[in-house]
Amino acid sequence: MYSSPLLPREKVFRDPVHNYIHVEHKVILDLINTTEFQRLRRIKQLGTSSFTFHGAEHTRFTHSLGVYELTRQICNNFRHNYPTKAPGDGLWDDDANRLVALCAALLHDIGHGAYSHTFEHIFGTNHEHITTEILTSPETEVNQVLRAIAPDFPEKVASVIDHTYPNPQVVQMISSQIDADRMDYLLRDAYNTGTKYGLFDVTRILRVMRPYSEGIAFESDGMHAVEDYIICRFQMYQQVYFHPVSRGMEVVLQHLLQRAKYLYEHHQLGELTPTLLVPFFENDFTLHDYLNLDDGVLNTYFIYWREDPDDTLRDLAHRFLDRKPFKSVTYSQETRALIPKMRDLISAAGFDKDYYAALNDSYDLPYDAYDPSSKEPKTQIEIMAEDGSLRELSTLSMLVAAIAGRSTGDERFYFPKEMLAKSDGGLFTPIYQEFQSYIHNGALAFPQRKESTDDDL
């Protein structure tokens with residue numbers, strides 16, 4: 001069992017989503033004040049989505065506090081209503097698990113990097129592995145704070161992140177189909193983007209959560225609140241997370257970093273040496289190198305690159321900093337055959353097709369039905385009846401059943417906005433016209449053949 005001294009007086013953080021975030025334990029406040037956790041203030045939660053939803057400037061710092069607060073409320077509910085009475089009864093052992101759960105909730109995203117997912121794709125980093133490294137490395141302040149609780153406490157907290165902690169209730173609080181992480185980011189992202197799709201009755205969901213031997217279930221009289229959460233999550237992916245403009249900016253960012261990496265490797269990058277990025281260009285970085293990066297560091301390099309001698313790097317930096325997203329059209333398996341032609345037209349118009357054309361497919365399983373044959377089966381959402389029996393949510397809800405296991409999203413072809421220019425008699429007008437002839441109602445399409453008439457014969 002692990003324990004931490006309580007603060008002389010509870011500290012609170014004012015929060016737009018949860019009103020107050022309550023900090024009772026000294027270890028939580030100490031973790032918040034570490035260098036590694038404060039770095040999260042400088043990393044946006046939604047990356048390039050702020051180019052689409054201007055209010056989406058919130059950070060992984062605020063989200064992490066929110067996940068901690070929801071986990072604290074879940075622990076309180078379990079402690080008051082479902083305390084263990086005998087070993088193996090499947091109820092909540094607060095003394096054994098509370099501190100581990102709270103620390104894991106607070107630190108679950110601490111390994112995210114600058115422009116997280118795009119950066120990971122380019123440089124092959126993994127934020128979950130880095131989270132574990134931050135927790136267990138003696139070099140970090142986070143590790144020192146955790147070790148002050150007990151020598152093995154950093155590894156215990158890390159085991160929640162990598163799903164090996166022995167109590168599934170704690171793991172599912174942080175990572176499951178309906179967990180503190182998902183609930184906070186849906187509410188927080190909806191609030192900051194100004195959308196309403198992610199709003200659901202979190203108070204009711206927390207009230208009907210209950211522990212059992214295999215994890216966490218939900219009482220049957222709260223099923224409709226859980227159902228609403230699933231629908232909200234589905235809508236947020238459609239309307240916010242998969243927004244084509246955000247993805248267009250992400251494509252620009254991806255190609256910008258790829259171009260910088262290529263120029264560095266070929267000794268063609270301008271006079272400025274991006275010192276903090278060099279370890280990643282050379283694929284030889286340390287944890288210290290990783291923690292030196294944040295969104296602001298990358299943006300600073302982008303500002304310098306806006307005046308780089310390389311035309312492509314300079315233009316991509318301008319497009320990213322000044323919000324000039326690539327345009328896009330959807331495509332199907334049939335019209336995918338047109339993409340080489342579209343790329344050639346982009347090249348004919350004077351753009352390097354390796355940097356000014358891209359495929360981007362985005363999909364998500366808004367509700368993952370448990371598949372025992374899969375390599376990594378997902379937890380199911382279990383509804384508990386009065387007699388303690390369990391039924392999986394989609395067997396009770398027609399709404400959830402309708403979207404259960406279905407992938408959503410679309411596949412898009414991205415290109416410079418200039419390819420949609422109106423006819424002006426310029427040099428590239430015939431190319432633009434031919435390019436546009438393959439687009440119909442926002443999708444790639446084969447040009448309609450002109451039907452023959454008697455006059456044509």
Side-chain angles (χ1 to χ4, degrees), residues 1-15 17-29 31 64-108 149 156-157 160 165-184 187 200-226 228-229 379 381-390 393:
M1 295 188 182
Y2 304 102
S3 62
S4 169
L6 297 178
L7 295 171
R9 184 185 180 203
E10 178 188 72
K11 184 174 181 61
V12 294
F13 291 80
R14 201 62 146 133
D15 186 73
V17 175
H18 305 302
N19 192 21
Y20 279 125
I21 291 172
H22 302 259
V23 176
E24 305 158 308
H25 296 90
K26 181 177 182 297
V27 66
I28 298 298
L29 186 60
L31 288 170
S64 296
L65 289 180
V67 177
Y68 155 81
E69 174 59 22
L70 287 179
T71 302
R72 188 190 70 85
Q73 293 181 30
I74 295 170
C75 289
N76 284 351
N77 171 34
F78 287 2
R79 181 182 63 189
H80 292 315
N81 297 307
Y82 308 105
T84 185
K85 296 179 173 57
D89 62 6
L91 298 178
W92 177 248
D93 188 340
D94 197 68
D95 291 337
N97 297 300
R98 183 184 188 88
L99 206 61
V100 175
L102 294 181
C103 291
L106 183 72
L107 301 173
H108 79 287
I149 300 297
K156 284 293 184 185
V157 176
V160 178
Y165 188 73
N167 187 333
Q169 297 162 357
V170 176
V171 174
Q172 289 181 28
M173 278 186 199
I174 315 300
S175 180
S176 62
Q177 284 299 319
I178 180 167
D179 53 34
D181 179 23
R182 284 178 170 85
M183 287 191 286
D184 182 82
L187 293 170
F200 57 91
D201 192 350
V202 65
T203 303
R204 182 63 179 159
I205 289 178
L206 295 178
R207 177 69 181 171
V208 300
M209 292 180 75
R210 61 161 302 162
Y212 75 108
S213 59
E214 300 301 319
I216 294 175
F218 300 84
E219 295 174 352
S220 57
D221 60 356
M223 186 191 79
H224 295 299
V226 178
D228 187 42
Y229 155 85
T379 58
I381 296 179
E382 301 285 2
I383 303 300
M384 182 176 287
E386 291 184 8
D387 64 359
S389 61
L390 299 171
L393 176 62

Which distance, rounded to the nearest 0.5 Å, do you find between the OH of Tyr229 and the CD1 of Ile381?
6.5 Å

Quick one, Tyr20 and Glu69 - any side-chain contact, counting heavy atoms below 4.5 Å?
no

CG/Leu31 to NZ/Lys26 distance, rounded to the nearest 0.5 angstrom?
10.0 Å

Which pairs would a plain distance check flag for residues 203-220, meaning a side-chain donor or acceptor within less than 3.5 Å of a matching protein atom at least two apart in sequence or in another chain?
from, atom 1, to, atom 2, distance (Å)
Arg204, NH2, Asp221, O, 3.3
Glu219, OE2, Tyr82, OH, 2.6

For the NE2 atom of His108 and the CG atom of Asp181, what is their distance to the nearest 0.5 Å?
3.5 Å

How long is the gap from CG on Leu390 to CD1 on Ile383, to the nearest 0.5 Å?
9.0 Å

Got a second to check how far Gln73's CD is from Met173's CE, nearest 0.5 Å?
12.0 Å

Within the 4.5 Å heavy-atom criterion, are Leu106 and Val67 side-chain neighbours or not?
no

Asp184 side chain reached by His18 side chain, heavy atoms, under 4.5 Å
yes

What's the verdict on side-chain contact (heavy atoms from CB on, under 4.5 Å) for His25 and Leu6, showing C-alpha distance, side-chain angles and the deciding distance?
CA-CA 4 Å; His25 296 90; Leu6 297 178; 3.6 Å; yes

Closest heavy-atom contact between Thr71 and Ala101?
CG2-O, 3.8 Å

Is there a side-chain contact between Ile149 and Val27, using heavy atoms and a 4.5 Å cut-off?
yes

CD1/Ile21 to CD1/Ile28 distance, rounded to the nearest 0.5 angstrom?
12.0 Å

May I have the list of side-chain donor-acceptor pairs in residues 85-94 shorter than 3.5 Å, sequence neighbours left out?
from, atom 1, to, atom 2, distance (Å)
Asp89, OD1, Thr84, OG1, 3.0
Asp89, OD1, Leu91, N, 3.0
Asp89, OD2, Thr84, OG1, 3.3
Asp89, OD2, Lys85, N, 2.7
Asp89, OD2, Ala86, N, 3.0
Trp92, NE1, Asp94, OD1, 2.8
Asp93, OD1, Asp95, N, 3.4
Asp93, OD1, Ala96, N, 3.3
Asp94, OD1, Arg98, NH1, 3.2

Donor-acceptor pair, distance only, cut-off 3.5 Å: does the side chain of Ser175 make one with the backbone of Val171?
no

